[in-house]
Novice: 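If you scroll down you'll find the structure; I have some questions about it.
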Amino acid sequence: MATFKSELVNTLSKRGYLHQCTDLEGLDAKAATGVITGYVGYDATADSLHIGNLVSIMMLRRMQQTGHRPIALMGGGTTKIGDPSGKDETRTLLDNAAINANIAEIQKTFDRFLSFGNGKTDAVLMNNADWLDKLEYIPFLRDIGRHFTINRMLTMDSVKLRLEREQPLTFLEFNYMILQGYDFVELYRRHGCTLQMGGSDQWGNIVQGVDLGRRLANTDLFGFTSPLITKSSGEKMGKSVAGAVWLNPKRLAPYDYYQFWRNTEDADVGRFMKLFTDMPLDDIARYEALQGAEINEGKKKLAFEATALLHGADNATAAAETARKTFEEGTAGGDLPTITATAAELTAGVPVLDALVKLTLAESKSAARRLIQGGGAKLNDAKIDEETALIRASDIVNGAAKLSAGKKRHGLVKQA
């Protein structure tokens, strides 16, 4: 593996974040001689980011850890348009109130990974609505739009793939890459930002911004992308049994987040430690050398460290203890997802389908039905055979009825 001059590029390379860079040698030289400012953009389409955003968040964290300044750019403006990258259909458009509420929730996640403030390497949270909302259409077309050719825009994956699938691409979405390129130039003018990072699917948009910086500001900007993170099985990373792996604890409990990492495939443990934890590389190498059943210790370590970063050490410890009690002692740990039912509801019977969904053991009632049909749903460790099954007061044992989805996901139904 190549050795670089700067701690930043060395770290990004050795820990597995490097996929493409517009000028790796130039970025390395710049990072070796002073503090650089770099950003990643995030649209506020929901009140939580998800596991697919975690690589780029960790890249911002690596910037700060190696003495540079990260910018987390919230797309208060671009969310109103929607990034067509990787999408087969137009996103639902949100109003300002919904976007601002989402940004407020997402900021709590950034607070877990980055240190914000006014220092030279303190992180900055920006909102591109601050400049995009003020743009005038004709001047923007004349001053910015003339630097983009339709010929080149049609070659970008975000556009090309949608057209190849014969899915509609609105003129609104077609403008997205122009606005993203303009963001880069605006951040350079406001904060001296010279680096944009993102996933490999953002490469085309990032390159457009680098080119725009050269044309408008006569400056060298840099683009850096991480690889698409897949599991060793080839499956795209980012889904749990119950659906998306959200970073907001209101959407996904710390215990479920812990279990997502605990269920990592054997061959991915070391790679995910490098990407998603702060563990030293030497320590990771020792876990990578483990074989057979010993690799489970590595999975527990990965799950604890990743959960501690996002949810804190106390929640990680509680999740680990719940998992130990559930899987090693065969008892129900107190940190399992829990819902309550009144005495009247239990007398009438709580539908298992509803309970599975509320406990996030299934993404929908249809998924819950498939789980039951496949023999994967259990009530107090007994297989559930009927989709119409009910949970009654008699099922409450030691204060709770335990619902299970497969061998590794559990939840509790308690009487209110």
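We use all heavy atoms of the structure for the numbers below, so side chains are in, but hydrogens, waters and symmetry mates are not.
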Novice: Between Ala401 and Leu379, what is the shortest heavy-atom contact and its length?
Specialist: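 Result for this residue pair: CB-CD1, 4.0 Å.
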
Novice: Has Asn128 got a side-chain atom pairing as donor or acceptor with Gly77's backbone, closer than 3.5 angstrom?
Specialist: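 Checking the backbone N and O of Gly77 against the side chain of Asn128, a donor-acceptor pair under 3.5 Å is found.
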
Novice: Do NZ/NE/NH1/NH2 and the carboxylate oxygens of Asp268 and Arg271 come within less than 4.0 Å?
Specialist: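 Salt bridge flag = yes for Arg271 with Asp268.
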
Novice: Minimum heavy-atom separation for Ala368 to Leu353, with atom names?
Specialist: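 Smallest heavy-atom distance, with atoms named: CB-CD2, 3.6 Å.
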
Novice: Do NZ/NE/NH1/NH2 and the carboxylate oxygens of Glu288 and Lys274 come within less than 4.0 Å?
Specialist: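 Lys274 and Glu288: salt-bridged.
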
Novice: Measuring from atom OH of Tyr39 to atom CE of Met63, what distance do you get when rounded to the nearest 0.5 angstrom?
Specialist: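 Spacing of OH (Tyr39) from CE (Met63) equals 12.5 Å.
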
Novice: Answer yes when Asp256 and Arg262 have at least one side-chain N-carboxylate O distance shorter than 4.0 Å, and no when they do not.
Specialist: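 Result for this pair is no, no salt bridge flagged.
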
Novice: Got a second to check how far Leu346's CG is from Lys414's NZ, nearest 0.5 Å?
Specialist: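 Here the interatomic distance stands at 13.5 Å.
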
Novice: side-chain contact (heavy atoms from CB on, under 4.5 Å) for Thr194 and Thr37? Distances and angles first, verdict last.
Specialist: CA-CA 6 Å; Thr194 55; Thr37 300; 5.8 Å; no

Novice: Taking Arg392 for the side chain and Ala348 for the main chain, is one N or O donor matched with an acceptor at less than 3.5 Å?
Specialist: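 The answer is yes, because a donor-acceptor pair under 3.5 Å joins these two groups.
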
Novice: Taking Thr11 for its side chain and Glu7 for its backbone only, find out whether a donor-acceptor pair lies under 3.5 Å.
Specialist: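 Judged by distance alone, yes, a pair lies under 3.5 Å.
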
Novice: Has the side chain of His68 got a donor or acceptor atom that lies under 3.5 Å from a matching backbone atom of Ile36?
Specialist: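 Indeed, once roles are kept as given, a pair shorter than 3.5 Å links the two residues.
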
Novice: Can Gln65 and Asp278 be said to form a side-chain hydrogen bond (donor to acceptor under 3.5 Å, both in side chains), step by step?
Specialist: CA-CA 10 Å; Gln65 289 173 331; Asp278 285 343; 3.1 Å; yes

Novice: Where the side chain of Glu345 meets the backbone of Thr342, is there a donor-acceptor pair that is under 3.5 Å apart?
Specialist: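 It does hold such a pair.
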
Novice: Which distance, rounded to the nearest 0.5 Å, do you find between the OH of Tyr255 and the OG1 of Thr338?
Specialist: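 The OH atom of Tyr255 sits 11.0 Å away from the OG1 atom of Thr338.
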
Novice: With no hydrogens and no angle check, is any side-chain donor or acceptor of Ser56 less than 3.5 Å from a backbone partner on Asn53?
Specialist: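 Checked: pair present.
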
Novice: Determine the sole option in Phe113, Phe304, Tyr257 for which the ring pair (Phe, Tyr, Trp, His ring centres under 6.0 Å) test with His311 is passed.
Specialist: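 Result for ring pair (Phe, Tyr, Trp, His ring centres under 6.0 Å) with His311: Tyr257.
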
Novice: Yes or no on side-chain hydrogen bond (donor to acceptor under 3.5 Å, both in side chains) for Tyr258 and Thr322, after CA distance, side-chain angles and deciding distance?
Specialist: CA-CA 10 Å; Tyr258 176 95; Thr322 293; over 6 Å; no

Novice: Could you tell me whether the side chain of Asp47 and the main chain of Glu105 form a donor-acceptor pair under 3.5 Å?
Specialist: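 No, because the side chain of Asp47 does not come within donor-acceptor range (under 3.5 Å) of the backbone of Glu105.
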
Novice: Give a yes or no answer on whether the side chain of Asp211 reaches the backbone of Gln208 with a donor-acceptor pair at less than 3.5 Å.
Specialist: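 No, Asp211 side chain to Gln208 backbone: no donor-acceptor pair under 3.5 Å.
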
Novice: Ignoring hydrogens and angles, state whether a donor on the side chain of Gln196 or Gln202 is under 3.5 Å from an acceptor on the partner side chain.
Specialist: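 No.
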
Novice: Would you check if the side chain of Thr22 reaches a backbone N or O of Gly223 as a donor-acceptor pair within less than 3.5 Å?
Specialist: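 Yes; at least one donor-acceptor contact below 3.5 Å.
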
Novice: Could you tell me how the ring of Trp261 sits relative to the ring of Phe276: parallel (under 30°), tilted (30 to 60°) or perpendicular (over 60°)?
Specialist: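 Trp261 and Phe276: tilted rings.
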
Novice: Please give me the minimum heavy-atom distance between Leu309 and Thr277, naming the atom from each residue.
Specialist: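 So the two residues come closest at CD1-CA, 4.0 Å.
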
Novice: If you draw a 6.0 Å radius around CG in Asp314, do more than 12 non-hydrogen atoms from other residues or ligands fall strictly inside?
Specialist: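 Result for CG/Asp314: open.
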
Novice: Would you please say whether a donor-acceptor pair under 3.5 Å links the side chains of Ser404 and His410?
Specialist: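 His410 and Ser404 do have a side-chain donor-acceptor pair below 3.5 Å.
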
Novice: Where the side chain of Thr79 meets the backbone of Ala44, is there a donor-acceptor pair that is under 3.5 Å apart?
Specialist: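 Pair found, side chain donor or acceptor close to backbone of Ala44.
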
Novice: How long is the span from the CD atom in Glu321 to the CZ atom in Arg324, to the nearest 0.5 Å?
Specialist: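 Output value for this atom pair is 4.0 Å.
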
Novice: Which distance, rounded to the nearest 0.5 Å, do you find between the CG of Leu361 and the CG of Leu356?
Specialist: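 Output value for this atom pair is 5.5 Å.
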
Novice: Please give me the minimum heavy-atom distance between Tyr17 and Phe224, naming the atom from each residue.
Specialist: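 Answer, listing the atom of Tyr17 first, then Phe224: O-CE2, 3.5 Å.
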
Novice: For the residue pair Lys299 and Glu265, what are the closest heavy atoms and their distance?
Specialist: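 Minimum heavy-atom contact is CE-C, 4.3 Å.
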
Novice: Given the rule in the side-chain contact (heavy atoms from CB on, under 4.5 Å) test, do Tyr182 and Leu135 qualify, once you have shown the distances and angles that lead to the verdict?
Specialist: CA-CA 11 Å; Tyr182 182 72; Leu135 290 176; 3.8 Å; yes

Novice: Under the side-chain contact (heavy atoms from CB on, under 4.5 Å) rule, what do Ile57 and Leu114 come out as? Steps first, then yes or no, please.
Specialist: CA-CA 9 Å; Ile57 295 174; Leu114 303 171; 5.5 Å; no

Novice: Between atom CG of Leu18 and atom CG of Leu12, what is the distance when rounded to the nearest 0.5 Å?
Specialist: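 Going from the CG atom of Leu18 to the CG atom of Leu12 covers 7.5 Å.
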
Novice: So which heavy atom on Glu363 is nearest to which on Val357, and how close?
Specialist: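 Result for this residue pair: O-CG1, 4.5 Å.
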
